[in-house]
Amino acid sequence: MSAIRLRFAPSPTGYLHVGGARTALFNWLLARKLGGTFILRIEDTDVARSTEESVNAILEGMKWLGLDWDEGPFFQSDLFPVYREYVQKLLEQGKAYRCYCSAEELEAKRERALAEGRKPKYDGTCRGITHEIPGKPFVIRFRAPQDGVTSFDDLVKGPISFNNEELDDLIIQRTDGTPIYNFTVVIDDATMKISTVIRGDDHISNTPRQILLYEALGFPVPRFAHVPMILGSDKARLSKRHGATSVMAYRDMGYLPEAMVNYLVRLGWSHGDDELFSREELIEKFTVEAIGKSAGVFNPDKLLWLNAHYIKSGDPTRLAELLLPFLLERGVDPAAGGPELATAIVTLQERARTMLELADGALFYYRSEVCYDEAAAVKQLTPTQLPHLTAFARQLASWDDMTSAGVEALFKEFCAAQGIKMGMIGPSVRVALCGVTTSPAIYDVVAVLGREETMGRLERAISFITDRPE
RNA sequence: GGUCCCAUCGUCUAGCGGUUAGGACACUGGCCUUUCACGUCGGUAACAGGGGUUCAAGUCCCCUUGGGAUCACCA
């Protein structure tokens, strides 16, 4: 393993959303490409907002996408003593100080500053207090330099610099003694020896403060790569109103993880004109340099196209496994009878874009009591069709070759013998077997269903026509 | 509002000084076809605007405009 160490550090305040998933993916890809280490760290210092359900949801999302981690998950809530130690160190060195301003006072000052058009920056009231005030609650602030420039060379955005006067003395420890994000992230990235921080570009403005902290603590500063945001169709930050944002919601909507990975990686990263990437190709071809600088709009249509591609080209046996829950949900259990699922799937792959569509399309194979679509029945299951269907059933009964090609030959021979065209028998048989006018190729359907089941369904259709009142 | 980031078809993007500005999704026309699809061939569609630099600018610089992010005892 190389010394490259990367991490994904979500906060457990919700499910794994597509933006976070892409950040995780980029980190994972680079780690795998360079033979580095990928670390998962849960940033749960905000005890009030963090939940165990969220942690589980995030882990589940990572696993679904196939993003395995080498170390962790580490929980910041387990590291409070460590943070306390470093806070103490800064305090002793005079690089941090106690601030006794109350949250209310601060809020009032901030609003006043904003109203007067000034910067809502901490005014340094407590900067000069040298002795502790017993009994009075306090937070701890980092004593940030008030002049100079802090800059860094972002791996995706290029050189970025901030005037230190824009930065204020940020709080690193709350009144209750718990540490705050901008501080813990620095301690953890430093102690975990993270070499490159890949994260969303909404963190750019935090970066100079963090760099100042690295320097104050005497830690080496890691490299930063800020990846652009993912936007909704109206170019606003992606949110629920743009549709699903949870990666697990996409699994439930019938999406394959490889489609999601392929979609996500191409949103903001490219490799020439290539669109389709296997996991291996991604590991081989991924580079941070090829990550784009601008925000991208999440395009569900393209995701759907990719999903259709992976269903079309997927291994039927694996698809069968993944499809099972969707089938059971629809009250069908292939284990209870009917054609082998993988065999049925082969006939459906190229006409399903999601596992939901695949499941819906497969239902008729497992329902002998075909439910005829009203319009289809009126058009195809008519007295005129009766002689054709009857004759066809008779010929099928003595037909040997039940492969798809064999069935096709049967149809050809039947049509020739009857002096009719395929169009006069095909559609009726389709409705008799499937109940609807759209289905896989009829030869395939007969082949998959088998002679016995096909005969049964034909006879049922014949009875249906016979019994139907005019 | 301050600060920071960004800017090629509707969308994702290729392009890294000289191209008929390419690909993909979506849309659309033809072909294939027993249905629906798939597939296949073709089409519509972009360098935000203005200044520079240069023999030459989508490519480099500046400004404008537009979009986004961030300004918490959230992460």
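Reminder, nothing fancy here: chain letters follow the sequence lines and each chain counts from 1.
Nearest-nucleotide positions on RNA chain B for A:Ile442 and A:Ser161 put A:Ser161 closer to the 5' end. Summary of the strand contacts: A:Asn182 and A:Gly426 both lie near RNA chain B, and taking for each the nucleotide with the nearest heavy atom, the more 5' one is attributed to A:Gly426.
Taking the C1' atom of each, B:C62 and B:A72 are spaced 36 Å apart, rounded to whole Å. Taking atom C1' on both nucleotides, B:C31 is separated from B:A37 by 16 Å, rounded to a whole Å. B:A46 and B:C27: their C1' atoms are spaced 16 Å apart (whole Å). B:U19 sits 48 Å from B:U35 when the P atoms are compared, rounded to a whole Å. The separation of B:C71 from B:U13, taken at their P atoms, amounts to 25 Å, rounded to a whole angstrom. Remark: the separation of the P atoms in B:G49 and B:C9 is 10 Å, to the nearest Å. Between B:C25 and B:U59, the distance separating the two P atoms is 28 Å to the nearest Å. Separation of the C1' atoms belonging to B:G18 and B:C6 is 28 Å when rounded to the nearest angstrom.
Surrounding CG of A:Asp176 are more than 12 heavy atoms belonging to other residues, nucleotides or ligands, all under 6.0 Å away. Under a cut-off of 6.0 angstrom, the local environment of CZ in A:Arg330 is crowded, with over 12 non-hydrogen atoms contributed by other residues, nucleotides or ligands. Within a 6.0 Å sphere centred on CZ of A:Arg174, other residues, nucleotides and ligands contribute more than 12 heavy atoms.
Minimum atom distance to the side chain of A:Tyr181 is reached by B:A75, of the listed B:C5, B:A75, B:U11. Comparing atom distances between the A:Arg266 side chain and each of B:G23, B:U34, B:C4 picks out B:G23 as nearest.
Figure legend. B:U59 is base-paired to no nucleotide; pairs are counted as Watson-Crick or G-U wobble with both atom distances under 3.5 Å. Pair check for B:U70 finds B:G2; Watson-Crick or G-U wobble, both atom distances under 3.5 Å. Base pairing of B:C27: its partner is B:G43, meeting the Watson-Crick or G-U wobble criterion (both donor-acceptor distances under 3.5 Å). Nucleotide B:C9: unpaired (no Watson-Crick or G-U wobble partner with both distances less than 3.5 Å). Remark: B:A21 base-pairs with no nucleotide; criterion is Watson-Crick or G-U wobble with both hydrogen-bond distances under 3.5 Å. Within the shown strands, nothing qualifies as a pairing partner of B:U53 under the Watson-Crick or G-U definition with both distances less than 3.5 Å. In this entry B:A14 has no Watson-Crick or G-U wobble partner, no candidate having both defining distances under 3.5 Å. B:A37: no Watson-Crick or G-U partner with both key distances under 3.5 Å is found in any strand.
Only one option out of A:Val431, A:Leu381, A:Val370 pairs with A:Phe464 in a side-chain contact (heavy atoms from CB on, under 4.5 Å); it is A:Leu381.
Heavy-atom distances under 4.0 Å link RNA chain B to A:Arg430, A:Thr437, A:Thr438, A:Ser439, A:Pro440, A:Ala441 of residues 429-441 of chain A, given in residue order.
No engagement by A:Tyr263 is indicated, since no non-hydrogen atom pair under 4.0 Å with the nucleic acid exists. Residue-level contact check: A:Glu275 touches the bases, meaning some heavy atom is under 4.0 Å from a base atom. Within the nucleic acid shown, A:Gly200 has no heavy atom closer than 4.0 Å to any nucleic acid atom. Note on A:Gly272: only backbone sugar-phosphate atoms sit closer than 4.0 angstrom, heavy atoms only; bases stay farther off. Using a 4.0 Å heavy-atom distance criterion, A:Thr184 is classed as making no nucleic acid contact.
The nearest whole Å value for the distance from the CD atom in A:Glu350 to the P atom in B:A37 is 12 Å. Taking atom NZ on A:Lys312 and atom C1' on B:C36, their separation rounds to 14 Å, with Å as the unit. Distance CG (A:Asn262) to P (B:A24): 15 Å, rounded to an integer number of Å. The separation between A:Ile172 atom CD1 and B:C74 atom P is 13 Å, rounded to whole Å. If you measure from atom NZ of A:Lys293 to atom P of B:C16, you get 16 Å, rounded to the nearest angstrom. Protein atom CG of A:Leu410 is 16 Å distant from nucleotide atom P of B:U34, rounded to whole Å. Protein atom CG of A:Asp444 is 14 Å distant from nucleotide atom P of B:U34, rounded to whole Å. In this structure, CD1 of A:Ile291 is placed 14 Å from P of B:C6, rounded to the nearest angstrom.
Between A:Phe142 and A:Phe183, the ring centre distance reaches or exceeds 6.0 Å. In this structure, the ring of A:Phe392 has its center less than 6.0 angstrom from the ring center of A:Phe411.
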Which is it for A:Trp269 and A:Phe286 under the ring pair (Phe, Tyr, Trp, His ring centres under 6.0 Å) test, yes or no, and what are the steps along the way?
CA-CA 8 Å; A:Trp269 174 84; A:Phe286 184 79; 5.7 Å; yes

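Separation of atoms OH (A:Tyr97) and CD1 (A:Ile172) is listed at 10.5 Å; rounding is to 0.5 Å.
Ring orientation note: the planes of A:Phe219 and A:Tyr214 are nearly perpendicular, at an angle over 60° on the 30°/60° scale. Between A:Tyr250 and A:Phe298, the ring planes lie tilted relative to each other; the angle falls in the 30° to 60° range.
The side-chain tip of A:Arg7 does not point at the ring of A:Phe38 from less than 6.0 angstrom away and within 45° of straight on.
Looking at A:Leu79 and A:Thr184, their side chains never come closer than 4.5 Å, going by heavy atoms from C-beta outward. Using a 4.5 Å cut-off on side-chain heavy atoms (C-beta onward), A:Arg98 and A:Lys136 make no contact.
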Using atom names, set out every protein N or O paired with an N or O of nucleotides 25-29 of chain B below 3.5 Å, distance rounded to 0.1 Å.
residue: B:C25; atom: OP1; partner: A:Trp305; partner atom: NE1; Å: 3.3
residue: B:C25; atom: O2'; partner: A:Lys302; partner atom: N; Å: 3.3

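Under the 3.5 Å distance criterion, the side-chain polar atoms of A:Asn27 are left unmatched by any main-chain donor or acceptor of A:Thr196.
For B:A75, the OP1/OP2 oxygens have no side-chain nitrogen or oxygen of A:Ser50 closer than 4.0 Å.
Judged by distance alone, the side chains of A:Thr45 and A:Tyr83 never bring a donor and an acceptor atom under 3.5 Å apart.
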Reading nucleotides 60-73 of chain B from the 5' end, what letters show protein touch, with B for base, S for backbone sugar-phosphate only, - for no heavy atom under 4.0 Å?
--------SSSSSB

